[in-house]
Amino acid sequence: MTSWLSACYAVVDVEGNGQQPPDLVEVAVVPVAGGIIGAPASWLVKPPRPISRIAGRIHGLTDEDLAAAPTFADIESEVREALDADVLVAHNAHVDVGVLRRHLSGWECPEVMDTLKLARRLLPGQASYKLGALVTAFSLADGLPYGLVPHRATYDVLVTARLFVRLATQPDGSPLSLGELRSLELEGGRDAETLF
């Protein structure tokens with residue numbers, strides 16, 4: 001059986017402006033290859049509509065923070081390049097994938113693995129499967145660069161990548177197969193858990 005280590009992954013997190021449908025205000029992508037988490041790429045994005053009060057309270061970004069940021073059209077080619085992988089990984093992935101599909105016209109999304117679904121199958125008995133709860137339960141933020149905070153794309157994408165590597169590696173250190181991960185992803189249950 002083919003190990004999960006044989007594929008290349010792009011772990012992604014997006015932050016929105018709270019509008020419906022949401023506009024991007026921040027996106028981060030980190031590659032995972034051979035089980036090694038690479039350096040994240042992140043972009044602030046000036047949205048066409050203002051940031052809602054509730055979204056601003058969650059991620060802390062304001063319209064003033066984004067006034068000089070590029071529009072998504074200005075960074076689209078860089079984002080597409082960063083997302084070029086065998087598998088896309090995200091926590092509560094349908095949200096991130098939905099936002100990306102709306103912004104990337106004609107984008108062919110690769111196979112998706114959702115760490116929320118995988119965690120439900122591989123980490124039974126957790127009080128919550130929200131990303132923040134799993135970060136605390138498994139010390140996934142330990143050693144992150146100073147200044148990174150939850151609900152900002154770079155922080156969230158790095159802890160999601162760490163969670164994915166943990167989930168894909170058995171307790172004895174041996175890797176799960178791609179087939180096992182795919183099967184667990186399909187069995188992972190509902191994907192509409194509240195994000196925050």
Side-chain angles (χ1 to χ4, degrees), residues 8-33 36-85 87-110 112-116 130-132 134-135 140-141 143-164 191-196:
C8 293
Y9 303 83
V11 185
V12 65
D13 183 76
V14 302
E15 300 296 332
N17 62 350
Q19 307 289 347
Q20 290 302 324
D23 299 309
L24 277 171
V25 296
E26 189 175 32
V27 59
V29 182
V30 64
V32 177
I36 305 298
I37 298 170
S42 65
W43 302 266
L44 289 174
V45 180
K46 183 177 182 178
R49 297 176 289 175
I51 295 174
S52 72
R53 191 174 305 138
I54 190 167
R57 281 199 303 263
I58 292 168
H59 52 56
L61 291 167
T62 66
D63 294 321
E64 292 74 27
D65 293 331
L66 303 173
T71 65
F72 187 75
D74 295 329
I75 62 161
E76 181 176 346
S77 62
E78 296 171 57
V79 173
R80 284 181 184 271
E81 185 177 341
L83 293 172
D84 185 19
V87 181
L88 189 78
V89 177
H91 197 76
N92 210 6
H94 77 285
V95 173
D96 301 271
V97 170
V99 172
L100 290 170
R101 281 190 169 132
R102 280 192 301 279
H103 286 78
L104 294 168
S105 178
W107 177 56
E108 292 186 28
C109 182
V112 176
M113 290 193 181
D114 188 339
T115 53
L116 174 60
K130 294 177 184 176
L131 184 58
L134 296 171
V135 168
L140 299 174
L144 285 182
Y146 177 77
L148 296 183
V149 295
H151 305 303
R152 290 294 304 273
T154 300
Y155 174 98
D156 285 359
V157 81
L158 285 171
V159 295
T160 300
R162 288 176 173 190
L163 176 60
F164 177 70
D191 61 0
E193 180 163 316
T194 304
L195 279 174
F196 308 109

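From a predicted model like this one, the values you see are computed outputs, not experimental measurements.
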**Study point:** Interatomic distance, T154 atom OG1 to E26 atom CD [nearest 0.5 angstrom]
**Key:** 5.5 Å
Point to revise | ring pair (Phe, Tyr, Trp, His ring centres under 6.0 Å) partners for Y155, two or more places apart | key: none
Check your understanding: What pair of heavy atoms forms the shortest contact from A55 to G16, and how long is it?
Key -> CB-O, 3.9 Å
Practice item. Report yes if some heavy atom in the side chain of V32 is under 4.5 Å from a heavy atom in the side chain of V89; otherwise report no. Key: no
**Study point:** T115/L134 under side chain to side chain contact (heavy atoms under 4.5 Å, CB included): CA gap, chis, key distance, verdict
**Key:** CA-CA 10 Å; T115 53; L134 296 171; over 6 Å; no
Revision key, fill the gap. So CD1 of I58 and NE2 of H151: to nearest 0.5 Å the spacing works out to 7.0 Å
**Study point:** Short side-chain to backbone donor-acceptor contact, D114 and H91, under 3.5 Å
**Key:** no
Practice item. Please round to the nearest 0.5 Å and tell me the distance separating atom CD of E81 and atom CD of E76. Key: 13.0 Å
Study note, to complete from the structure: All heavy atoms of S52 vs all of Q19, minimum pair found to be N-NE2, 4.3 Å
**Study point:** Validation row: D96, D13 side chains within 4.5 angstrom (heavy atoms)
**Key:** yes
Study note, to complete from the structure: Looking only at heavy atoms, the pair that brings P110 and A85 closest together is CB-O, 3.5 Å
Point to revise | Contact summary for V30 and A39, nearest pair of heavy atoms | key: CG2-C, 4.0 Å
Practice item. Search all heavy atoms of P22 against all heavy atoms of R102 and return the closest pair with its distance. Key: CD-NH2, 3.1 Å
Check your understanding: How about L44 and D65: do any of their side-chain heavy atoms sit closer than 4.5 Å?
Key -> no
Review point. To the nearest 0.5 Å, what is the distance between CD1 (I37) and CG (L158)?
Key: 7.0 Å
Exercise for review: Measure the NZ-OG1 distance between K46 and T71 for me, rounded to the nearest 0.5 Å.
Suggested key: 9.0 Å
Study note, to complete from the structure: Rounded to the nearest 0.5 angstrom, the CG-CD distance for L24 and E15 is 9.5 Å
Practice item. Just do the side chain to side chain contact (heavy atoms under 4.5 Å, CB included) check on V159 and L144 with the steps written out, would you? Key: CA-CA 9 Å; V159 295; L144 285 182; 3.7 Å; yes
Practice item. Taking all heavy atoms of A93 and all of V112, pick out the closest pair and write down the distance. Key: CB-CG1, 3.6 Å
**Study point:** Sequence neighbours excluded - ring-ring contact (aromatic ring centres under 6.0 Å, His included) pairs with any residue from residues 48-76
**Key:** F72-H103
**Study point:** Any residue meeting side chain to side chain contact (heavy atoms under 4.5 Å, CB included) with D84, in chain and number order, not counting sequence neighbours
**Key:** none
Revision key, fill the gap. Checking N17, V45, I51 against L61 for side-chain contact (heavy atoms from CB on, under 4.5 Å), the one that qualifies is I51
